[in-house]
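The next block holds one structure in the form of C-alpha cells; read it before the comments.
What you see is a predicted model, and the numbers here were worked out from it, not measured in a lab. Chain naming here is simple, since letters A, B, ... match the order of the sequence lines and numbering starts at 1 in each.
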2 protein chains.
Amino acid sequence: MIEILRQHIVGRLGNDLDNLDTVLNCFKTVTIDRNQFLVQEGEVCKYVYFIVKGCLQVFVYDDEMNETTRDIVIEGTWCSELISFGSGKPATENIRTVEHSELLAIDRQGFQKMMETVPQFNKVYKQILETSYANSVYRINTFVALSALDRIKWLMEFRPKLMTRVSSKLIASYLGINKDVFSRLKAKL
Amino acid sequence: MIEILRQHIVGRLGNDLDNLDTVLNCFKTVTIDRNQFLVQEGEVCKYVYFIVKGCLQVFVYDDEMNETTRDIVIEGTWCSELISFGSGKPATENIRTVEHSELLAIDRQGFQKMMETVPQFNKVYKQILETSYANSVYRINTFVALSALDRIKWLMEFRPKLMTRVSSKLIASYLGINKDVFSRLKAKL
DNA sequence: ATAAAACATAGACTTTTGTCATCATTCAAC
DNA sequence: GTTGAATGATGACAAAAGTCTATGTTTTAT
C-alpha cells in the first residue's frame, strides 16, 4: 500500500530522495468502511490523508441538514481539511468515505518530521495548499455562472468517472443542483 | 500612504519588527484611474498589491465575454493573482480597478527580500495564501446551494458596504445572478 | 436469500430565474 | 455645465430549476 504513495511521490519530486523510507514510515494505514466520518465540523482535523483506494466526500450541512459537497476525491490524491490541519482550529467541513477505502494518514508531528527529514518535502504543504486553492478558484469561476445543464456537461468532460462511480444524489450535491433536475437533464444528453 | 501598510503589518505581526522600514521600501506606490487592468488573463501577474484606497474586481470572462466576478476587494486588504505570482505561470483571472485607487505593489524580488529581511515575513505568503484559500472554500460552500435571494441577504449581512459602493451590475456578477433579477429581488427586501 | 432501505426516474405542477424592451435617472467625459 | 453613455428599475413573458408524488429498481444489512 505504501508503494502506491512511494510512486506518487517519486513521480512528483523525483527519484533522488534520501530518507524516503523514513518519511513513508510516518504514515499509518487506515482501512475504513463506507459512510464513515474522517473529519467533522467543529472538531480539529488531525491528519492529511493520501487515498490509496476509495473515495471521499468533502461537504457542509446547511440549516436543514442538506449536504453541499465541495469536493469528491478519489485514489491517487491528497485530502484533508487543510485550514484546520494547519492551524489547529476547528474544521468547517466534514469529510466522509463514500466507499470502503484504504488511506494513508499522517499527523502534524509526522508532517513536521517529514519536512525536516526530506528537504524537498518542505514544499509539499505549500504545494498541496496551492493546488487546493487553485482548484477552489477554478471551481468558483467555472460554476457560479453555469446553468445546471452546463455543469453536468462540465462534469462529463472533466470528471467523467464520477458519473458512473458515485450516486446521482452525491453528484447533484456536488454540482449544486436538485437531484431530480439532475436525473431529468442527464436523460436529455 | 506607507503608514497605512505599516499599521496593517504591526497590527498583525506585532510592534517588535526589526528592519520594517527596509521592507516597506520594497513597495512602490501606484496611483491609478478606474477601469484599469492590473492583471490580464494569459499574462504573468508580477505584483502583490496592498490596497490603501479604492476597490478592485477579480474576474474571468466566459465565451460570450460576460464577466464572472470571484472577488471584490477594498482598502486594507491584499490582492493578487496568487497562483500566477507564485509560480510565474500565466494568470487565469483578470484584476481591474473599480474606482480610482491607491495601491502599494511589491514584486517577486521584493517579496523574497522581505522574507529574508524580516523573519516573521516568512509566513506572510503562506498567510495570504491560507486566507485566500479559506475565503474560496467559504464562498463555494456558501454560494453553491443558495438561491438568488439568499445570496443577496448574505451580501447585506457580510459585505453591506458593497451594496452602496459598487454598481448593481458588478454585484450581480459577484453573486452569480442576473442584474435584472438582482434589481427586482433587492426591491422586495 | 430476503426484507428493508436507499436510489433513480418520470409526470404534473409551482416557483424561481432569465430575457427583452422601455423609460427615467445618474454619472462621467468633454 | 452639457451631452451622451451607462445604469437602474419595472412589466410581460419565456425558460429553467425546484417540489412532490408515485413507481420500479438496486443495494445493503442481516
Side-chain angles (χ1 to χ4, degrees), chain A residues 31-37 54-55 57 59 61-69 72 96-101 142-156 161-189, chain B residues 31-36 54-55 57 59 62-69 72 96-101 142-156 161-189:
Chain A
T31 301
I32 184 170
D33 266 356
R34 64 199 294 276
N35 288 329
Q36 304 302 305
F37 281 85
C55 181
Q57 173 194 12
F59 68 104
Y61 293 104
D62 69 13
D63 31 288
E64 286 157 331
M65 289 298 280
N66 301 308
E67 299 175 5
T68 304
T69 301
I72 301 171
R96 190 173 53 193
T97 53
V98 175
E99 309 168 350
H100 177 91
S101 299
T142 306
F143 273 46
V144 170
L146 287 189
S147 68
L149 189 62
D150 286 339
R151 291 177 195 197
I152 296 172
K153 286 179 183 166
W154 176 89
L155 190 79
M156 292 176 74
K161 288 176 188 167
L162 289 186
M163 290 290 283
T164 49
R165 180 161 175 175
V166 304
S167 73
S168 296
K169 190 180 159 192
L170 177 53
I171 291 180
S173 92
Y174 176 60
L175 297 181
I177 60 184
N178 181 280
K179 70 185 167 56
D180 297 335
V181 173
F182 176 68
S183 179
R184 227 185 301 161
L185 292 176
K186 192 175 45 163
K188 286 187 184 168
L189 284 175
Chain B
T31 301
I32 186 170
D33 266 354
R34 65 197 294 275
N35 288 329
Q36 305 302 307
C55 182
Q57 174 194 11
F59 68 103
D62 69 13
D63 30 289
E64 286 159 332
M65 288 298 278
N66 301 309
E67 300 176 5
T68 304
T69 301
I72 301 170
R96 189 173 54 192
T97 52
V98 175
E99 309 167 351
H100 177 91
S101 299
T142 305
F143 273 46
V144 169
L146 287 189
S147 68
L149 189 60
D150 286 339
R151 291 178 194 198
I152 296 173
K153 287 179 182 167
W154 176 88
L155 190 78
M156 292 176 76
K161 287 175 188 168
L162 289 186
M163 290 290 284
T164 49
R165 182 161 174 174
V166 305
S167 74
S168 296
K169 190 179 159 193
L170 177 53
I171 291 179
S173 91
Y174 176 60
L175 296 181
I177 60 184
N178 181 280
K179 70 185 168 58
D180 297 334
V181 173
F182 176 68
S183 179
R184 229 185 301 161
L185 293 176
K186 194 174 45 160
K188 287 188 184 169
L189 284 176

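In this structure, A:Arg151 atom CZ and C:dT17 atom P are separated by 12 Å, rounded to whole Å. For B:Phe143 and C:dT17, the CZ to C1' distance is 16 Å, given to the nearest whole Å. Note: CG (A:Asn178) to P (C:dC7) measures 15 Å, nearest angstrom. In this structure, A:Leu146 atom CG and D:dA16 atom P are separated by 14 Å, rounded to whole Å. If you take NZ of A:Lys153 and P of D:dA16, they are 11 Å apart, rounded to a whole angstrom. Look at CD1 on A:Ile171: it is 15 Å from C1' on C:dT9, rounded to the nearest Å. Taking atom NZ of A:Lys188 as the reference point, atom C1' of C:dT9 lies 13 Å away to the nearest angstrom.
Here A:Tyr174 contributes atom OH and A:Phe182 contributes atom CZ; the two are 12.0 Å apart, rounded to the nearest 0.5 Å. For the atom pair CD1 (A:Ile171) and NZ (A:Lys179), the distance works out to 14.0 Å, reported to the nearest 0.5 Å. With rounding to the nearest 0.5 angstrom, the CG atom of B:Leu170 is 7.0 Å from the SG atom of B:Cys55. Considering CD1 of B:Ile72 and CG of B:Leu175, their distance stands at 7.5 Å, rounded to 0.5 Å. Distance check: A:Asn35 CG to A:Glu99 CD gives 10.5 Å after rounding to the nearest 0.5 Å.
Of all the heavy atoms in A:Val144 and A:Arg151, the pair that sits closest is O-NH2, 4.1 Å.
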Under a 4.0 Å heavy-atom criterion, the protein footprint on nucleotides 4-12 of chain D, written with B, S and -, is ---SSBB--
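A:Asp62 pairs by the side chain to side chain donor-acceptor pair (under 3.5 Å) definition with A:Asn66, not counting sequence neighbours.
Between B:Asn35 and B:Ile177, the residue anchored closer to the 5' end of DNA chain C is B:Ile177, taking for each the nucleotide with the nearest heavy atom.
For the pair A:Lys169 and A:Glu67, the salt-bridge criterion is not met [side-chain N within less than 4.0 Å of a carboxylate O].
Helix-axis bend for the helix from C:dA1-D:dT30 to C:dC30-D:dG1: the local axis fitted to the five terminal pairs at one end deviates from that at the other end by 80°, rounded to 10°.
Atom CE of B:Met163 has more than 12 neighbouring heavy atoms from other residues, nucleotides or ligands inside a 6.0 Å radius.
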